[in-house]
Amino acid sequence: MADTLRSVSRGITHGLRDAVFGILVLYKLYDTRIEEVETKRESVSMLARRREAAKVEGEKGQAMPSTGKAEPPKLVHRIVQCCALNGGVFWLSIVLFYKLVLPFLHFTTNYFIGESTLHGVVWKYVASTLSYTFAALWILPLFLLSKVVNSLWFQDIADAAYKKTQGKPQLMPSVSRLIADILFSLLVQALFLVQVMLIGLLPIPAVGQVIAVIHICLLYAQYSFEYKWFNMGWEVQRRIAHIETNWPYFLGFGLPLALLTSLPSSYVISGCVFSILFPLFIISANEAPTVTEIYCDFPLRLFSATVSISNTIFSKSTKRHSTTSQKKMGASPTSTPCRKPSADSTSASPKMQSFSMTGTPKKQGLNVSDTPYKKHGCSSSDVSAKKEQTLPPGITPKLPSSPVLRKQVRMQTDLYD
């Protein structure tokens with residue numbers, strides 16, 4: 001038991017170390033590039049500088065190949081954009097509204113109305129109206145917009161960091177598997193968030209909070225490593241199994257982000273903090289080595305319920321889609337039922353069956369008691385009488401009024417001719 005606790009503590013410490021020190025990769029990267037530039041400036045002479053400048057001027061109009069040195073500016077540029085959007089625009093606007101605009105309006109109304117019961121009633125309605133309007137017209141649209149933009153910027157940061165350290169991403173060979181993997185992963189994460197909310201409602205506050213923090217740490221670790229594992233070609237089942245098997249490491253990795261996002265009381269402010277810090281954890285996850293050490297003998301199956309529910313939803317939706325497609329393919333609007341040939345028609349050749357020795361057309365397996373003849377106002381005796389008539393050459397019989405009989409007589413006349 002003591003060895004297990006010691007191993008779990010070591011795994012949490014290693015994950016926490018990789019999460020914190022992996023952020024310093026940007027500083028080391030730029031420090032290395034600055035040192036390379038300074039060394040190069042000191043080594044080249046003035047003539048070499050002129051030759052290099054002339055060479056650059058000559059190649060100015062040509063397209064330069066993309067190398068890894070172009071990735072760090074893109075990384076920092078995206079990180080600065082995330083901080084500016086979520087911190088400088090979103091978070092700062094909320095702080096200014098609730099800490100500056102509302103207090104100023106409260107002071108103004110108090111100055112004109114005075115400290116009275118009327119002012120309290122008026123300010124109550126004014127403050128609530130302004131808060132709801134601000135939330136509906138500014139916070140909600142900007143929150144949705146930031147979610148979409150942040151997802152694109154996070155993907156750019158992860159791809160740039162992976163190309164710089166690992167090379168070309170190894171995506172899945174099939175596009176359908178790629179789309180199914182993304183949808184299944186999103187569904188698992190959404191159901192896992194619901195699971196965290198339900199755990200937070202446990203009647204024992206301390207136990208519920210501890211279990212919820214463990215869930216959040218593993219979820220944030222999955223968020224961080226998802227981009228790297230996806231570029232490595234890992235499927236969602238392998239990613240989830242890796243987290244559940246090495247849960248002490250990922251618990252320590254997601255712990256700093258979980259603690260920092262839990263400090264604000266507002267869900268929107270917590271989302272801003274997450275969007276500002278999450279790019280740094282993406283880089284830390286990209287720089288972290290693949291976990292090979294087993295810190296605990298038993299896995300922590302926290303994703304089992306969400307994975308089973310997701311499998312059930314996907315299987316039912318796939319079965320429903322296949323059933324619908326089969327129905328659409330089976331019932332064609334232009335298809336007509338085929339008449340089964342009789343035994344007489346299959347026993348001899350068609351020419352021998354068409355005519356008798358006297359030149360009279362014989363019945364070609366037609367059931368005269370069928371319902372189409374009754375629908376058109378003729379009986380089976382009429383059809384038999386029409387068929388027993390001989391057709392002399394050059395004489396066209398009078399066609400009956402029924403469309404079905406008219407078609408049958410024309411067919412017999414063509415066969416006789």
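This structure is a prediction, so every number in the text was calculated from the model and none was measured. Just the heavy atoms: all of them, side chains too, but no hydrogens, waters or symmetry mates, feed the values below.
- Using modelled atom types, one side-chain atom of Ser270 and one backbone atom of Thr261 make a donor-acceptor pair closer than 3.5 Å.
- Checked against a 6.0 Å centroid threshold, the rings of Phe192 and Phe303 count as neighbours.
- Of all the heavy atoms in Pro256 and Leu16, the pair that sits closest is CG-CD1, 3.2 Å.
- Note on residues 137-152: pairs passing side chain to side chain donor-acceptor pair (under 3.5 Å), not counting sequence neighbours, are Asn86-Asn150, Ser93-Trp138, Asn150-Ser275.
- By the 4.0 Å N-to-carboxylate-O rule, Arg239 lies close enough to Asp181 to be salt-bridged with it.
- Aromatic pair Phe278/Tyr220: centroids not less than 6.0 angstrom apart.
- Listed by first and then second residue, the salt bridge (Lys or Arg N to Asp or Glu O under 4.0 Å) pairs that reach into residues 300-318 are Glu244-Arg301, sequence neighbours excluded.
- Checked against a 6.0 Å centroid threshold, the rings of Trp229 and Phe250 count as neighbours.
- Using a distance-only test at 3.5 Å, with no hydrogens or angles considered, a donor-acceptor pair links the side chain of Asn246 to the main chain of His242.
- Under the 3.5 Å distance criterion, the side-chain polar atoms of Lys228 are left unmatched by any main-chain donor or acceptor of Ile283.
- The aromatic rings of Tyr267 and Phe143 sit tilted, their planes meeting at an angle between 30° and 60°.
- Side chain of Trp247 to main chain of Cys296: no donor-acceptor pair is present (N/O by atom type, distance under 3.5 Å, no hydrogens or angles).
- Nearest heavy atoms, Ile139 versus Phe90: O-CZ, 3.7 Å.
- Every residue two or more places apart in sequence or in another chain that forms a side chain to side chain contact (heavy atoms under 4.5 Å, CB included) with Val149 is listed here: Leu85, Leu145, Trp153.
- Nearest heavy atoms, Phe253 versus Ala285: CZ-N, 3.6 Å.
- Two residues are said to be in side-chain contact when any heavy atoms from C-beta on lie closer than 4.5 Å; Trp91 and Val273 meet this criterion.
- In terms of heavy atoms, Glu287 sits closest to Thr165 at OE2-CG2, 2.9 Å.
- The side-chain hydrogen bond (donor to acceptor under 3.5 Å, both in side chains) test applied to Thr109 returns His119, not counting sequence neighbours.
- Listed by chain and residue number, Leu198 satisfy the side chain to side chain contact (heavy atoms under 4.5 Å, CB included) test with Val194 (two or more places apart in sequence, or in another chain).
- Smallest separation of non-hydrogen atoms from Ile79 and Pro279: CG1-CB, 4.0 Å.
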- side chain to side chain contact (heavy atoms under 4.5 Å, CB included) between Ile211 and His215, worked out: CA-CA 6 Å; Ile211 299 177; His215 279 70; 3.4 Å; yes

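- The closest donor-acceptor contact from the side chain of Ser7 to the backbone of Asp3 lies at 3.5 Å or more, if one exists at all.
- The list of salt bridge (Lys or Arg N to Asp or Glu O under 4.0 Å) pairs with a residue in residues 7-18, not counting sequence neighbours, reads Arg10-Glu293.
- For the residue pair Gln195/Thr306, the side-chain donor-acceptor check at 3.5 Å is not satisfied.
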- Task: Could you check Ile282 against Phe225 for side chain to side chain contact (heavy atoms under 4.5 Å, CB included), going step by step and ending with a plain yes or no?
- Result: CA-CA 7 Å; Ile282 293 177; Phe225 282 89; over 6 Å; no

- Item | Intermediate values then yes/no, side chain to side chain contact (heavy atoms under 4.5 Å, CB included), Thr245 and Val291 | CA-CA 10 Å; Thr245 305; Val291 182; over 6 Å; no

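- Separating the CZ atom in Arg78 from the CG atom in Leu152 is a distance of 8.5 Å, to the nearest 0.5 Å.
- A heavy-atom distance below 4.5 Å is found between the side chains of Asn311 and Val307.
- When the options Phe21, Tyr295, Tyr249 are evaluated for a ring-ring contact (aromatic ring centres under 6.0 Å, His included) with His14, the one that passes is Tyr295.
- In plain terms, the two heavy atoms of Tyr162 and Pro169 that are nearest each other are CE2-CA, 3.6 Å.
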- Query: Is there a side chain to side chain contact (heavy atoms under 4.5 Å, CB included) between Ile94 and Ser266 once you walk through the steps?
  - Reply: CA-CA 11 Å; Ile94 295 174; Ser266 174; over 6 Å; no

